[in-house]
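All values below come from the heavy atoms of this structure, side chains included, with hydrogens, waters and symmetry mates left out.
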Protein chains: 2
Amino acid sequence: MPPASVARLPVYLRVLDDLAASGVRGASSAELADLAGVGPAQLRKDLSHLGSHGTRGVGYDVVRLRDLVGAALGVGERSALAIVGVGNLGRALARSAGFASRGFVVSALLDADPAVVGTVVGGVAVDDVADLGRVVAARGVSIAVVATPAAAAQGVCDAVVAAGVREILSFAPCALQVPPGVVLRSVDLASELQILAFHARARAARAARPATGATGPGRGGVPGP
Amino acid sequence: MPPASVARLPVYLRVLDDLAASGVRGASSAELADLAGVGPAQLRKDLSHLGSHGTRGVGYDVVRLRDLVGAALGVGERSALAIVGVGNLGRALARSAGFASRGFVVSALLDADPAVVGTVVGGVAVDDVADLGRVVAARGVSIAVVATPAAAAQGVCDAVVAAGVREILSFAPCALQVPPGVVLRSVDLASELQILAFHARARAARAARPATGATGPGRGGVPGP
DNA sequence: CTATGTGAAGCAGTTCACAGCT
DNA sequence: AGCTGTGAACTGCTTCACATAG
């Protein structure tokens, strides 16, 4: 399955969950695509990677499709998370309600600061990052969230990989190296803002020099990543 | 400039900043690309969109290039941010140190909860979201960060657009509609975890049925978005 | 000789358009 | 008739390979 399609499955799942909760039984690709913010053809192709589960001439069974997409994403298998780095962001993630509702359980919090180790955040005690291997093994952690400063991120990353974790989500503002077979996703909040700032600057430049080719302002918003 | 190239500029900027801080004067595309986690040809092509600023046979002047990329991203023009939604995530963002160091100033915090309005977070007082238009105009906000629950996000989004904001970063777990000309970027933390869960599931399935074609595990980590 | 800048080739993802099923 | 599932066309990003400049 193409990575781009995988990245859209969570969006479809949310749309399907909402519809199912509203009691809607069936929906066409056009309706679903509209709610998901993509094109109907793209939604159909994405779903086709999971097999043929629509009914021609009718559409999709919302509940059936939700269960299918949910199964592909491992919903219902309650993944154990370890959050490494209990700073502002780590704390917010630990307390975030959105995770539990999607099948993720914050099972471990780790930090290097002795002042933080031993405190309880969101009902979970903070352990010393030195015990990372033991904690990860004991609690069956399958996904690690790296929320440390950049300087510590690569070391933490190596440690969680050594502990057997194969999926990592990093918020550290730096490029991380992982061995083959480990899946790493990075989210950098400052970079997101800088990308927006680039567009703000481009718009300002455009406004200062109003006419170059077309007269009107460039059309179309920029869609998500 | 292609959106994919724009999205990498912040990475290059960080690498260049680090090198400049370390006193490094010059660097080749290969060295920079290595630090940035991309290929050398890609880095050269990305930079070429900003003009020819390297020296053939030598490489790039680190400080000069940093200033160039920084200028493209509007560093030094201190963008004013408004964070709408002062929950766990909004609070963490408001207190985050990484923004100020990159030229972003949290100039406004807004929330709908009367218990939160009037409190001070990270040195900034929380205003009522009903005053959004006034606050945005008075403080020259250029970028809005939406950190509200999904149900409130579209309304907030419409309000900030009506207030004249043209760049929005959303953390709400839903698709948002913006008019043409407004740049929207969305980051959904739960989706990121579900994408990782998908890979964890795929790996588990692979392990259960060890041989299909090649024997070894699939190579290569999955790079960032 | 070294390393950039860039057309050309290659590849992945998206969109189109229609065959096929209900 | 209506809508899915999918090969085919298309678009845009990445990688290659080399002419070019120092």
Side-chain angles (χ1 to χ4, degrees), chain A residues 1-9 11-12 15-16 19 24-62 64-66 68-69 72 175 195 198 218-225, chain B residues 1-9 11-12 15-16 19 24-62 64-66 68-69 72 175 195 198 218-225:
Chain A
M1 188 165 189
S5 294
V6 174
R8 281 185 294 267
L9 289 184
V11 178
Y12 302 153
V15 166
L16 291 164
L19 286 177
V24 177
R25 307 294 301 249
S28 67
S29 64
E31 295 172 291
L32 295 174
D34 205 49
L35 291 168
V38 303
Q42 181 158 83
L43 180 134
R44 289 202 303 274
K45 194 167 276 266
D46 287 341
L47 293 180
S48 76
H49 290 117
L50 299 174
S52 272
H53 297 276
T55 309
R56 294 177 193 234
V58 178
Y60 297 91
D61 179 310
V62 167
R64 197 170 129 66
L65 190 57
R66 178 198 58 177
L68 186 80
V69 175
I195 293 165
F198 174 91
R219 55 152 284 287
V222 171
Chain B
M1 187 164 189
S5 294
V6 174
R8 281 185 295 266
L9 288 184
V11 179
Y12 301 153
V15 166
L16 290 164
L19 287 177
V24 177
R25 306 295 301 250
S28 67
S29 64
E31 295 172 291
L32 295 174
D34 205 48
L35 292 168
V38 302
Q42 182 158 83
L43 179 134
R44 289 202 302 275
K45 194 167 276 268
D46 287 342
L47 293 180
S48 77
H49 290 116
L50 299 174
S52 272
H53 297 277
T55 308
R56 291 175 192 235
V58 179
Y60 297 91
D61 180 309
V62 167
R64 197 171 129 66
L65 191 57
R66 178 198 57 178
L68 186 81
V69 175
I195 294 166
F198 173 91
R219 54 150 286 286
V222 171

Atom-pair distance ([atom1] on [X]; [atom2] on [N]), nearest Å:
X: L47(A); N: dC3(D); atom1: CG; atom2: P; answer: 16 Å
X: H49(A); N: dG7(D); atom1: NE2; atom2: P; answer: 11 Å
X: M1(B); N: dT14(D); atom1: CE; atom2: C1'; answer: 15 Å
X: R8(A); N: dA12(C); atom1: CZ; atom2: C1'; answer: 12 Å
X: L43(A); N: dT6(D); atom1: CG; atom2: C1'; answer: 14 Å
X: L50(A); N: dG5(D); atom1: CG; atom2: P; answer: 11 Å
X: K45(A); N: dG13(C); atom1: NZ; atom2: C1'; answer: 10 Å

Any base atoms under 4.0 Å from G54(A), or only sugar-phosphate, or nothing? Heavy atoms, all strands.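 Sugar-phosphate contact only - G54(A) comes under 4.0 Å of backbone atoms but never of a base.
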
Name the nucleic acid region contacted by G39(B), choosing base, sugar-phosphate or nothing; use a 4.0 angstrom heavy-atom cut-off, strictly under.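 Nothing, no heavy atom under 4.0 Å.
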
5' precedence on DNA chain D between G57(A) and A41(A) (nearest-nucleotide basis):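 The residue mapped nearer the 5' terminus is G57(A).
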
Please determine whether a side-chain nitrogen or oxygen atom of [X] lies at a distance below 4.0 Å from atom OP1 or OP2 of [N].
X: S29(B); N: dT4(C); result: yes
X: S52(B); N: dG5(C); result: yes
X: Y60(B); N: dG5(C); result: yes
X: Q42(B); N: dC13(D); result: no
X: R44(B); N: dA17(D); result: no

Is the shortest heavy-atom distance from the side chain of [X] to the side chain of [Y] under 4.5 Å?
X: Y60(A); Y: L47(A); value: yes
X: L35(A); Y: L19(A); value: yes
X: L32(A); Y: Y12(A); value: no
X: V24(A); Y: E31(A); value: no
X: V11(B); Y: V38(B); value: no

5′-ward residue of the pair D46(A)/R56(B) relative to DNA chain C: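 Its nucleotide being nearer the 5' end, the pick is R56(B).
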
Could you please name the option among dC13(D), dG13(C), dA3(C) that lies closest to any side-chain atom of P3(B)?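 Nearest to the side chain of P3(B) among the choices is dC13(D).
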
